[in-house]
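Reviewing the structure listed below.
Along the sequence shown, residues carry numbers from 1.
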Amino acid sequence: MPYRPPSAPDFSVYACDLLPGCGNAPLEEETETEVAIIGGGLLGVSTALHLAQSGVACALLEKATLGAGASGRNGGQLVPGLARWKAKDIQQTFPADEARWLWSFAAMETMGLLTSLMEQYRIDAEYRPGHLTAAVHPGHLRALGQESAARAALGDDSTRLIDARECGRYINASGYHGALLDTLGGQIQPLKLLYGLWQGYQALGGRTYEHTPALSIEPERRGYMITTPSGRLLARKAVVLAVHADTPTLLPAHRAVTLPLYTYLALTTPIPEGSHSLLPGGLAVYDTRVQIDYYRAYGEDRLLFGGLGTSRRMGNDAAARRIERRLRSVFPQCPQLRAALCWSGRFDITRSGMPVCTRSAGSSPLYAVHGWNGHGVGQSVRIGKAISDDVLGKNHDFTRLTRFRHSDFPLSFLPDSWLAGGGLAWSSAINALNPQKMNSF
């Protein structure tokens, strides 16, 4: 298929990376299927693929184009854990058996599933194992060491703490006091991963409708009727709502449990000595600031650099200027680095830091997952498989995820941007008073 250039001015570098356009027509009829999946990101496509592998008839609806949301606009960092829940959180919260299961699900099984799918469907998604969490304060090394110990206790021996000197072998920057080296995490080109999974789904006969927003989902005797601008779709067996931050638009009762935020990424101008001069280890990095810097090499001579959580979307020019200031702070030896391309991504957070997984009762359930807290690249693929397994009655993984309790944000009657802005300000104030305590957002 020929390359289809992006039409929106705020596109990510992944959309420029010579990927074939899918070109799926919108739904313009009344039809039916066994399972309807709303949302063409990694969660939706993974769910559709795993169901199609078992012969379940699926229809995938996407309001724009596949990967147009967070799945095609993120930093491409693969971080073990479930959203902001790390091994220490899990170990301290759940009984030993439950903690070991959850960490295995969100870490070893997630990474194993990704590599298995890429091999099975021959997806060249530029996957590279290895990840660093770099400490910006010496006091953060204690928390990183505790995380490494917790992971080991949960059966994961893929991390070790490194000091500032060894950290310098991976990052040519002087602002870090050490890091957690993680050989299980890594980096990936997320849109290539998504398109590869979608092509597998398409080859199995799955239907896809782009430019088809779901306007309503109404239960009826035969299942759920989904109304779109120019058609209707009856889902007889189940509906999967995989729209992340947009979930409250279709399920208003979920509004208070998550808050939307924006993050920003930039592709830098070429680095004269190549990206290896700044990241000699070639590993993806994020740090322990309250609002983290996250970055990785892109090609041979550029970086992808992101961060800057905001409650309202700022313009790309303003975001680029702020990212450039962060670039100069982290890599002062390269004052010439600029943002050649900048884009934003919308994500949602929960109070607990755990994603919200729900399933309605009845013979035709409605599934919904949102609140990825900015850490959903790998886990969304794994949870997509868990939803498929639940529909097919293969195991109880998704049921176990639905048992985690979530509380609403206080003052939820206020506009989301006010609440999110207040939360960011509160986290920054706490960090200023106690900088040695790791409180990454």
Please find the pair of heavy atoms, one from [X] and one from [Y], that lie closest to each other, and give the distance.
X	Y	answer
Cys342	Ala319	SG-CB, 3.8 Å
Ile292	Asp287	CG2-O, 3.2 Å
Ala245	Arg346	CB-NH1, 3.7 Å
Leu233	Ala59	CD2-CB, 3.8 Å
Leu144	Ala135	CD1-CB, 4.0 Å
Leu194	Ser71	CD1-CB, 3.8 Å

Is there a donor-acceptor contact under 3.5 Å linking the side chains of [X] and [Y]?
X	Y	answer
Thr399	Arg359	yes
Tyr298	Thr268	no
Thr47	Tyr367	no
His406	Thr350	no
Arg313	Asn316	yes
Ser275	Arg296	no
Arg151	Ser158	yes
Trp372	Asp348	no
Thr208	Trp198	yes

Can you find a pair of side-chain heavy atoms, one from [X] and one from [Y], that are under 4.5 Å apart?
X	Y	answer
Gln187	Leu78	no
Asp293	Phe305	yes
Ile387	Leu43	yes
Asp246	Leu250	no
Lys192	Glu126	yes
Arg160	Glu166	yes
Leu180	Glu147	yes
Ile162	Cys167	yes

Under 3.5 Å: donor-acceptor pair, side chain of [X], backbone of [Y]:
X	Y	answer
Thr269	Arg338	yes
Ser12	Gly72	yes
Gln202	Arg207	no
Thr263	Gly307	yes
Thr93	Asp89	yes
Ser54	Val56	no
Trp103	Gly155	no
Glu62	Glu210	no
Ser116	Gly112	no
Glu324	Ala339	yes

Q.
So that I can tick it off, tell me whether Arg400 and Glu98 are bridged by a salt bridge, with the cut-off set at under 4.0 angstrom between side-chain N and carboxylate O.
A. yes
Q. Under a 4.0 Å N-O cut-off, is there an ion pair linking Asp397 with Arg382?
A. yes
Q: Take Arg255 and Thr249 through the test side-chain hydrogen bond (donor to acceptor under 3.5 Å, both in side chains) and record every step on the way to the result.
A: CA-CA 8 Å; Arg255 178 187 174 272; Thr249 62; over 6 Å; no
Point-to-point distance, once rounded to the nearest 0.5 Å, from [atom1] of [X] to [atom2] of [Y]:
X	Y	atom1	atom2	result
Leu261	Leu308	CG	CG	12.0 Å
Leu27	Thr228	CG	OG1	4.5 Å
Leu161	Ser148	CG	OG	7.0 Å
Gln77	Thr133	CD	OG1	9.0 Å
Leu60	Asn24	CG	CG	8.5 Å
Leu267	Ile323	CG	CD1	10.5 Å

Q. Tyr209: what forms a ring-ring contact (aromatic ring centres under 6.0 Å, His included) with it, not counting sequence neighbours?
A. none
Q.
Between Ser311 and Tyr262, does the side-chain hydrogen bond (donor to acceptor under 3.5 Å, both in side chains) criterion hold? Intermediate values first, please.
A. CA-CA 6 Å; Ser311 58; Tyr262 294 89; over 6 Å; no
(Q) Applying ring-ring contact (aromatic ring centres under 6.0 Å, His included) as the test, list every pair that has at least one member in residues 158-185; sequence neighbours left out. (A) none
Q: Assess whether side chain to side chain contact (heavy atoms under 4.5 Å, CB included) is satisfied between Arg236 and Thr33, documenting all intermediate values.
A: CA-CA 6 Å; Arg236 299 188 304 271; Thr33 188; 5.7 Å; no
Q | Sole residue of Trp85, Phe94, Phe398 in ring pair (Phe, Tyr, Trp, His ring centres under 6.0 Å) with Phe404 | A | Phe94
Q: Dump the intermediate steps for side chain to side chain contact (heavy atoms under 4.5 Å, CB included) on His211 and Thr65, then the final yes or no.
A: CA-CA 6 Å; His211 306 289; Thr65 57; 3.7 Å; yes
(Q) I'd like to know whether Tyr295 forms a ring-ring contact (aromatic ring centres under 6.0 Å, His included) with Phe331, so could you lay out the CA-CA distance, the side-chain angles of the two residues, the decisive distance to 0.1 Å, and finally the verdict. (A) CA-CA 12 Å; Tyr295 49 91; Phe331 300 111; 5.5 Å; yes
Q: Could you tell me which residues satisfy side-chain hydrogen bond (donor to acceptor under 3.5 Å, both in side chains) with Asn74, sequence neighbours excluded, listed by chain and number?
A: none
Q: Carefully, step by step, assess Tyr127 and Met118 under the rule side chain to side chain contact (heavy atoms under 4.5 Å, CB included).
A: CA-CA 9 Å; Tyr127 168 67; Met118 286 186 287; 3.7 Å; yes
Q) What class does the angle between the rings of His375 and Tyr286 fall in, given that below 30° is parallel, 30 to 60° is tilted and above 60° is perpendicular? A) tilted
Q. Between Leu51 and Tyr201, is a side chain to side chain contact (heavy atoms under 4.5 Å, CB included) present by the stated rule, with each step listed?
A. CA-CA 9 Å; Leu51 285 168; Tyr201 164 70; over 6 Å; no
